[in-house]
Structure formats: structure tokens, C-alpha cells
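Structure first, commentary second.
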Amino acid sequence: MSNKLEIQITQEGPRNAIVKLTGIIDTSDIVESPAISLVDCLNNDVNLTLAGFRVDLIEWSMSAGMEIQLAWNGTIPQQIFPLAGRGRINSTNYGGFIPDTTRPGYDGSINLYSNGYAAGTVQNFTIILELIKLYQ
């Protein structure tokens, strides 16, 4: 078998999206790559251009010793939140996690990568993201 990352948009409207990311890691850490891209969203405001996502809620569970990093894509990716163990963070009281869209290379995608893969093991994770679509 080889590493497996699955992305499922469980709900989507012109403003909100709920995304489930699941992974099974049995070979090596996941190299940073877009997990959620703007083209993954289909139900958008027809009068505006989708430019990215605000992250309002993150729920996660993963194998012991494993870490997942979420970051907005760019020349130097912007860290959203490092994840380990199990947890939930609701950032709506603080206005949500918002990308700096002026950074070089920003394209609206959310990247995912892992740390802590132990050779010869099988590790897994599930992450639920509640997103608000940002338009220009």
C-alpha cells in the first residue's frame, strides 16, 4: 500500500464549505501539497471570484506521535494551525483564521503536510474544517 489522502466536501454553498480530510500514512510523511484548492469548490457566487478560505472550525483526531500542519499556499506558506492528538478549535469568536492574501505566491489553496511518521507503522488522521469562502 502507499500513503492515501482523501478529500471530501460534505457541504457546500455560496458562502460556506465543510471539508473532511482523511489519511492513512504507511510509507513516509506527506509532503506539503494543496489539500483543498479553489477549483474543488463548485457552488460559488456567480458575481464574484473565489479567492480563498477563512477557517472557522477545525476538529481532528490522529495517531499518537503524528503531527499535521495546515497552511495557506504561497511562496512561503502561511501556517494556519499545527495539529496533534485530538482536539477542536472554534475560531469564530476571534473572526476566524484569515489568510494574508497579499503574500507572494498566495493562491487560496490550503496545504497539508505531516511530521512524525515512524517507519514500519501505519498512522491515520481525520480532520474536519468549517470554511467561509472569501471572494474578490
Side-chain angles (χ1 to χ4, degrees):
M1 197 161 93
S2 61
N3 290 347
K4 185 175 183 181
L5 174 63
E6 290 190 5
I7 297 112
Q8 180 183 14
I9 298 176
T10 60
Q11 292 182 10
E12 184 191 6
R15 180 180 179 269
N16 302 351
I18 298 176
V19 179
K20 179 179 79 166
L21 306 168
T22 56
I24 299 172
I25 300 174
D26 65 356
T27 308
S28 63
D29 279 313
I30 296 174
V31 177
E32 186 167 12
S33 60
I36 305 166
S37 297
L38 300 182
V39 296
D40 295 330
C41 292
L42 303 175
N43 189 1
N44 297 320
D45 188 315
V46 295
N47 298 314
L48 299 170
T49 302
L50 183 60
F53 305 98
R54 180 180 87 201
V55 179
D56 277 1
L57 177 85
I58 307 171
E59 292 188 55
W60 69 93
S61 178
M62 61 193 62
S63 298
M66 180 179 204
E67 297 176 0
I68 299 286
Q69 300 285 329
L70 296 175
W72 286 288
N73 194 35
T75 305
I76 299 173
Q78 305 171 57
Q79 185 172 321
I80 299 171
F81 207 82
L83 308 172
R86 290 154 188 76
R88 179 179 201 260
I89 184 164
N90 183 339
S91 65
T92 56
N93 292 339
Y94 318 108
F97 298 122
I98 300 171
D100 178 354
T101 60
T102 65
R103 285 208 179 168
Y106 172 80
D107 67 5
S109 299
I110 294 178
N111 293 350
L112 178 146
Y113 62 97
S114 67
N115 294 311
Y117 172 73
T121 65
V122 176
Q123 298 174 315
N124 61 69
F125 64 89
T126 300
I127 301 168
I128 307 292
L129 300 170
E130 287 187 14
L131 306 172
I132 302 298
K133 295 177 179 180
L134 304 175
Y135 292 100
Q136 293 179 336

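Taking every heavy atom of both residues into account, A35 and L112 meet most closely at CB-CB, 3.9 Å. Taking each heavy atom of S114 and D29 in turn, the nearest pair found is OG-OD1, 3.0 Å. Taking all atoms of both residues into account, the shortest heavy-atom contact from Q79 to W72 is O-CZ3, 4.3 Å.
I25 CD1 to I30 CD1: the interatomic distance, rounded to the nearest 0.5 Å, is 4.0 Å. From I24, atom CD1 reaches atom CZ of F125 across 9.5 Å, with rounding to the nearest 0.5 Å. Expressed to the nearest 0.5 Å, how far CD1 of I128 lies from CG of L57 amounts to 9.0 Å. Rounded to the nearest 0.5 Å, atoms CD (Q69) and CG (N111) are 11.5 Å apart. Separating the CG atom in N73 from the CD1 atom in I36 is a distance of 12.0 Å, to the nearest 0.5 Å. If you take CG on L21 and CH2 on W60, they are separated by 13.5 Å, rounding to the nearest 0.5 Å.
Hydrophobic cluster membership is shared by I9 and I80, with clusters built from Ile, Leu, Val, Met, Phe, Trp and Tyr side chains linked at under 4.5 angstrom. Hydrophobic clustering of Ile, Leu, Val, Met, Phe, Trp and Tyr side chains at less than 4.5 Å, counting indirect connections, unites I7 with F53.
Considering only heavy atoms from C-beta on, L38 stays 4.5 Å or farther from D107 through its side chain. Between V55 and L70, the closest side-chain pair of non-hydrogen atoms is not below 4.5 Å. Q123 has its side chain out of reach of M62: every pair of non-hydrogen atoms, C-beta onward, lies at least 4.5 Å apart.
Listed by chain and residue number, N44, D45, L48, L50, K133 satisfy the side-chain contact (heavy atoms from CB on, under 4.5 Å) test with Y135 (two or more places apart in sequence, or in another chain). Checked against side-chain contact (heavy atoms from CB on, under 4.5 Å), T22 has the following partners two or more places apart in sequence or in another chain: E6, K20, T126.
In terms of modelled atom types and a separation under 3.5 Å, the side chain of Q11 and the main chain of I18 share no donor-acceptor contact. In this structure, N115 contributes its side chain and I68 its backbone to no donor-acceptor pair below 3.5 Å. Although no hydrogens or angles enter the test, the distance criterion places a donor-acceptor pair under 3.5 Å between the side chain of N3 and the main chain of S28. With hydrogens and angles disregarded, no donor-acceptor distance shorter than 3.5 Å links the side chain of D26 to the backbone of V122.
The only option from N43, D40, L131 that meets the side-chain contact (heavy atoms from CB on, under 4.5 Å) definition with E12 turns out to be N43. For the side-chain contact (heavy atoms from CB on, under 4.5 Å) with D56, the lone residue among I89, I132, L129 that qualifies is I132.
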Extract all donor-acceptor atom pairs below 3.5 Å that involve side chains of residues 93-104 and protein atoms in other chains or at least two apart in sequence.
residue: D100; atom: OD1; partner: T102; partner atom: N; Å: 3.0
residue: D100; atom: OD1; partner: T102; partner atom: OG1; Å: 2.5

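Contacts classified as salt bridge (Lys or Arg N to Asp or Glu O under 4.0 Å) and involving residues 73-90 (residues at least two apart or in different chains) are given here: E59-R88. The stretch residues 66-84 participates, sequence neighbours left out, in no salt bridge (Lys or Arg N to Asp or Glu O under 4.0 Å) pair at all. The salt bridge (Lys or Arg N to Asp or Glu O under 4.0 Å) contacts involving residues 72-81 comprise nothing, where partners must be two or more places apart or lie in separate chains.
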